[in-house]
Number of protein chains: 2
Amino acid sequence: MPARTNAPHACPIRDVLDRVGDAWSVLVLTELAQGPCRFNALGRVVAGISPRMLAVTLRHLERDGLVTRTVLDTKPPQVEYTITARGTSLHAALGGLVDWAARHQVAINESRQVFDTKV
Amino acid sequence: MPARTNAPHACPIRDVLDRVGDAWSVLVLTELAQGPCRFNALGRVVAGISPRMLAVTLRHLERDGLVTRTVLDTKPPQVEYTITARGTSLHAALGGLVDWAARHQVAINESRQVFDTKV
DNA sequence: CTGTATCCATGCCGATACTG
DNA sequence: CAGTATCGGCATGGATACAG
């Protein structure tokens with residue numbers, strides 16, 4: 001039962017946590033929270049992401065109704081991704097966690113160092 | 001750059017999100033939020049977890065100062081795990097996300113069905 | 001520009017067996 | 001009871017090449 005491979009859980013909340021656990025989803029969502037963005041522009045801002053993972057991530061976010069995908073009939077064609085209200089609310093909910101992380105980050109690193117030197 | 005394998009990120013928040021993304025960490029932390037628990041008792045409650053992953057997960061949580069490990073000198077020796085204040089606060093912060101998930105879960109599933117039938 | 005298809009290295013994690 | 005050691009399958013995701 002390894003996280004997101006199988007899902008025999010009765011707990012549907014897992015779906016959402018799995019999305020949050022996905023590194024790229026959070027980064028992309030955070031980026032789109034600042035305004036609409038095109039594919040390659042996202043690829044540049046979210047450093048290190050491959051086209052493949054960017055496409056997969058965007059597809060997931062779109063499937064969950066967190067972002068919308070609109071094709072502009074420019075030449076050459078461009079695609080703009082925009083965060084939805086639902087996506088914005090998730091980003092806000094995520095903010096609570098991020099705040100927690102920011103507040104405890106130093107203490108956690110200290111704990112880790114102590115733990116590592118003891119072992 | 002797959003999530004938690006490498007970490008060339010300047011973003012330290014990732015560490016925390018990685019922990020949240022780990023399925024077992026959240027489940028174990030949630031369980032311990034209800035009160036102290038011993039190793040095998042946890043193994044029974046967190047259905048499906050292997051001794052290995054339970055040990056790994058608990059060590060991670062302990063390393064981050066989210067739980068404490070106390071050896072009782074009983075016969076046979078038992079080990080009790082207890083959530084710390086820091087762990088409790090993380091669990092609380094997690095609550096915001098869980099609430100969000102609960103509120104949007106139905107709509108998300110609808111979006112997924114729509115998306116899947118369109119493709 | 002915006003993706004998709006394929007290949008393959010990496011490493012996670014379940015199973016099993018064993019120790020203090 | 002509370003773990004650790006080892007093995008191996010398998011999903012994840014990066015690299016590359018290519019298509020619309």
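In what follows, chains carry the letters A, B, and so on, assigned in the order in which the sequence lines appear, proteins first and then strands, with residues in each chain numbered from 1.
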Heavy-atom pair of closest approach, residues [X] and [Y]:
X      : Y      : result
H91(A) : L29(A) : N-CD2, 4.3 Å
L58(A) : V67(A) : O-CG2, 4.2 Å
C37(B) : L32(B) : CB-CD2, 3.8 Å

Mind calculating the distance between [atom1] ([X]) and [atom2] ([N]) to the nearest angstrom?
X      : N       : atom1 : atom2 : answer
N40(A) : dC1(C)  : CG    : P     : 5 Å
M53(A) : dT2(C)  : CE    : P     : 19 Å
D22(B) : dT12(D) : CG    : P     : 15 Å
R19(B) : dC12(C) : CZ    : P     : 12 Å
I49(A) : dG14(D) : CD1   : P     : 8 Å
R44(A) : dC1(C)  : CZ    : C1'   : 10 Å
D18(B) : dT12(D) : CG    : C1'   : 14 Å

Using OP1 and OP2 only, check whether a side-chain N or O of R52(B) sits under 4.0 Å from dG3(D).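 Result: no.
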Between Y81(A) and dG3(C), is there a side-chain N or O to OP1/OP2 distance below 4.0 Å?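 Indeed, a polar side-chain atom of Y81(A) lies that close.
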If you take any heavy atom closer than 4.0 Å to DNA chain C, which residues from residues 54-80 of chain A end up in contact?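 Only A55(A), R59(A), R69(A), P76(A), P77(A), Q78(A), V79(A) qualify.
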Donor-acceptor side-chain pairing of S89(A) and R103(B) below 3.5 angstrom: no
The side chain of W24(A) lies closest to which of these nucleotides: dT2(C), dG14(D), dA2(D)?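 Of the options given, the side chain of W24(A) lies nearest dG14(D).
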Sidechain-backbone polar pair: T70(B) side chain, E80(B) backbone, donor-acceptor under 3.5 Å: yes
Could you grab the distance from atom CD of E31(A) to atom CG of L27(A), nearest 0.5 Å is fine? 9.0 Å
